[in-house]
2 protein chains.
Amino acid sequence: MFEARVLEKLKKNENNFISGEKLSEDLGVSRTSVWKYINALKDAGYNIESVSKKGYRLIYSQDLLNEFEIGYNLKTNILGKHIHYMETVDSTNIYARNMAIDGALEGTVVIADAQITGRGRLGRSWSSAAKKGIWMSVVLRPGISPEEVQIITIGASVAVVKAIFTVTGIRAGIKWPNDIILEGKKLCGILTEMNSEIERVNFLILGIGINVNHNPEDFPEDIRSIATSLKIFSENNFNNNVKLFTRSDIIKELLFELENLYIKINKGDLKEIIDEWKEYSVTLGKHVKVLYRSAEYSGIAEDIKEDGRLIVNCEDGIVREIFSGEVSVRGVLGYS
Amino acid sequence: MFEARVLEKLKKNENNFISGEKLSEDLGVSRTSVWKYINALKDAGYNIESVSKKGYRLIYSQDLLNEFEIGYNLKTNILGKHIHYMETVDSTNIYARNMAIDGALEGTVVIADAQITGRGRLGRSWSSAAKKGIWMSVVLRPGISPEEVQIITIGASVAVVKAIFTVTGIRAGIKWPNDIILEGKKLCGILTEMNSEIERVNFLILGIGINVNHNPEDFPEDIRSIATSLKIFSENNFNNNVKLFTRSDIIKELLFELENLYIKINKGDLKEIIDEWKEYSVTLGKHVKVLYRSAEYSGIAEDIKEDGRLIVNCEDGIVREIFSGEVSVRGVLGYS
């Protein structure tokens, strides 16, 4: 991909000119080709100045998202080696699912600046303001059975909080099983969809939505009190001027963490995943309410098992293992 | 659907003429419409004789398959209310899956006279000789979670053996979890595919392949020693002349049994399903070998739990609960 190589040269010379002749020599392609690659990069949103006799110059663009930007300095070997970026899509999960049905390779990433019909768990809608957040889905083909998928979704929440911490210094928490919480509000949701037989997962779509540069008014009014973004958090907590966060930096770090997770799962290192989850948990040790179909329990969330089940010591004296259901945690959104 | 009503009239008068005028009056449609419906039925494969001044006469057709034939006297309320019959399809499961993604209603049935790329479990191919067997897939949308799907596939095997017994008098057995066995050979396979989230099944495709009117040479040579059909069995066991079995009769009875199963599952009557499965089991009490990933066990299959797990008392003294894996049974195909 020569566009990526041209971009690399421009980035290394950011704000300085580099001549078409030099690019042509360095890449071993014609001047006309260089011109075509430059145009492709402009189409992808880069602000590139062309001045005759001087050459090309990349002018810094705030928080640009496209496949080149994500691919640039990406540290992974599997995840994100095929990136499908779109300005707008109905839902990255639906798009990724269709690609997986058509045989998309493991690690294929679908990412969009905006989703029209973004979805959360159980058919709920997910608000995906244009260019404000990270709306992405990853195609995985793990050699596991359906009952083992919960650990991937548990581990994905750890990958998200670690990546956010590395890039922004903000430490979020995890509400069981995989809601990412900041100041008691929702920062990120994970939707895992799979296509499987009884004993084998054919493919799995890991959909991740992270609220990054939202102002409060970027959320629909009905969720404004329960949703937050990295920008809102940093404005509330950091006194200095808050600049926008660069989504591609978070995405690259997240793909790196997800790949580490994936390697652990394939090796069977489940304990390590669970231990890390516990570090970030805002659930364990707390009073929780569990809604499972028509039944309701409450008690103290005591532990999490290696398959992802939450152990709740209920007020009726029974210790229950929760595999699915709605869990609300005292002090965190949704508890009343 | 007027075609179905015309067919009903013709069937009730089978081998006798019924005039176009009478059909027109009885149905309250024009003579031209009657003529159109008759032609639609001819296109669907019916042998209808038209004689001027006498009218129309249906001549008995052996083992005809189409949506009219399946819909005729169907006893169900949910399953099969939408029937998609095709002469040939790549795979009824793939076709049904695509329909389900596009929103097909629960109970939609896809059925074909021939499959080009019929599939079995774990990506294996399934031989689907044209017009010899029942190759069908049912779209279900049960309100259950993925770990509860095993009971549907267990129950589907019971529905198959019951339907076959009712229509043909032949009593097949079930090898755990859901292979249908006759004289130690495979008569029917069930492939359950689902699309789900962690805690909810979005839809489920129940694919059922039954070998009905195959002669031995209708099977590929490599499976001839392990596959059988109802026709082969009856030729081996019944001395009288064996006529062909009528696939639509088996399909209708099967849809009726599957609907009963589905009602039980939605009511939570799992014990009843398991008890019926035990009646037909060729697994319990037998020596079995279990292959699960790289591990191999052998021992006596002692029981089956309500979630479908097989309890094996292994020779190493450990009692194991088998949720997935390959189980071969002494005396049944695949045991060596």
Side-chain angles (χ1 to χ4, degrees), chain A residues 91 93-95 97-98 100-102 119-124 141 143-154 156-157 176-179 189-207 268 290-294 307-310 321-327, chain B residues 91 93-94 97-98 100-103 119-124 141 143-154 156-157 176-178 189-207 266 268 290-294 307-310 321-327:
Chain A
S91 142
N93 257 39
I94 290 176
Y95 196 93
R97 178 175 73 188
N98 289 338
I101 287 173
D102 290 343
R119 288 175 309 136
R121 284 167 52 225
L122 306 174
R124 292 166 192 158
R141 298 183 180 276
I144 61 173
S145 51
E147 72 271 21
E148 297 170 298
V149 169
Q150 180 75 293
I151 191 68
I152 294 186
T153 186
I154 291 273
S157 67
W176 186 89
N178 61 8
D179 281 333
I190 298 175
L191 172 63
T192 309
E193 282 185 85
M194 58 180 151
N195 175 290
S196 62
E197 298 174 25
I198 299 292
E199 64 271 78
R200 184 180 77 159
V201 170
N202 296 321
F203 63 80
L204 187 148
I205 308 296
L206 197 58
V290 180
L291 195 63
Y292 180 66
R293 292 179 184 175
S294 53
D307 62 1
R309 277 169 217 257
L310 186 69
E321 297 190 2
I322 312 295
F323 188 75
S324 58
E326 292 294 305
V327 171
Chain B
S91 143
N93 258 40
I94 290 176
R97 177 175 73 187
N98 289 339
I101 286 174
D102 291 343
R119 288 174 309 136
R121 283 168 51 225
L122 305 175
R124 292 166 192 157
R141 298 183 180 275
I144 61 174
S145 51
E147 71 270 21
E148 298 170 298
V149 169
Q150 181 75 292
I151 191 68
I152 295 186
T153 187
I154 290 274
S157 66
W176 186 90
N178 61 7
I190 298 175
L191 172 62
T192 309
E193 283 185 85
M194 58 179 151
N195 176 290
S196 62
E197 298 175 25
I198 298 292
E199 63 270 77
R200 183 180 77 160
V201 170
N202 296 321
F203 63 79
L204 187 147
I205 308 295
L206 197 58
N266 282 333
V290 181
L291 195 63
Y292 181 66
R293 292 180 185 176
S294 53
D307 62 0
R309 279 168 216 258
L310 186 70
E321 297 190 1
I322 312 295
F323 188 76
S324 58
E326 292 294 305
V327 171

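Note that the coordinates shown come from a computational prediction; the quantities given were computed from them, not determined experimentally. Chain letters run A, B, ... following the sequence lines, proteins first, then strands; residues in each count from 1.
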* So, for B:E193 and A:E197, which heavy atoms are closest and what is the spacing to 0.1 Å? -> CG-CG, 4.3 Å
* Could you look at A:R97 and say if it's the side chain, the backbone, both or neither that has a heavy atom under 4.5 Å from chain B? => side chain
* **Side chain, backbone, both or neither of A:S145 within contact of chain B (heavy atoms, under 4.5 Å)** => both
* **Contacts with chain A made by residues 199-206 of chain B (heavy-atom distance under 4.5 Å), listed by residue number** => B:E199, B:R200, B:N202
* Student check: side-chain heavy atoms of A:I101 and B:I101 closer than 4.5 Å -> yes
* Structure fact -> Exactly one candidate in B:L191, B:T192, B:N178 meets side-chain contact (heavy atoms from CB on, under 4.5 Å) with A:I198; the answer is B:T192
* Which atoms of A:I152 come close to chain B, meaning under 4.5 Å heavy atom to heavy atom: side chain ones, backbone ones, both, or neither? -> neither
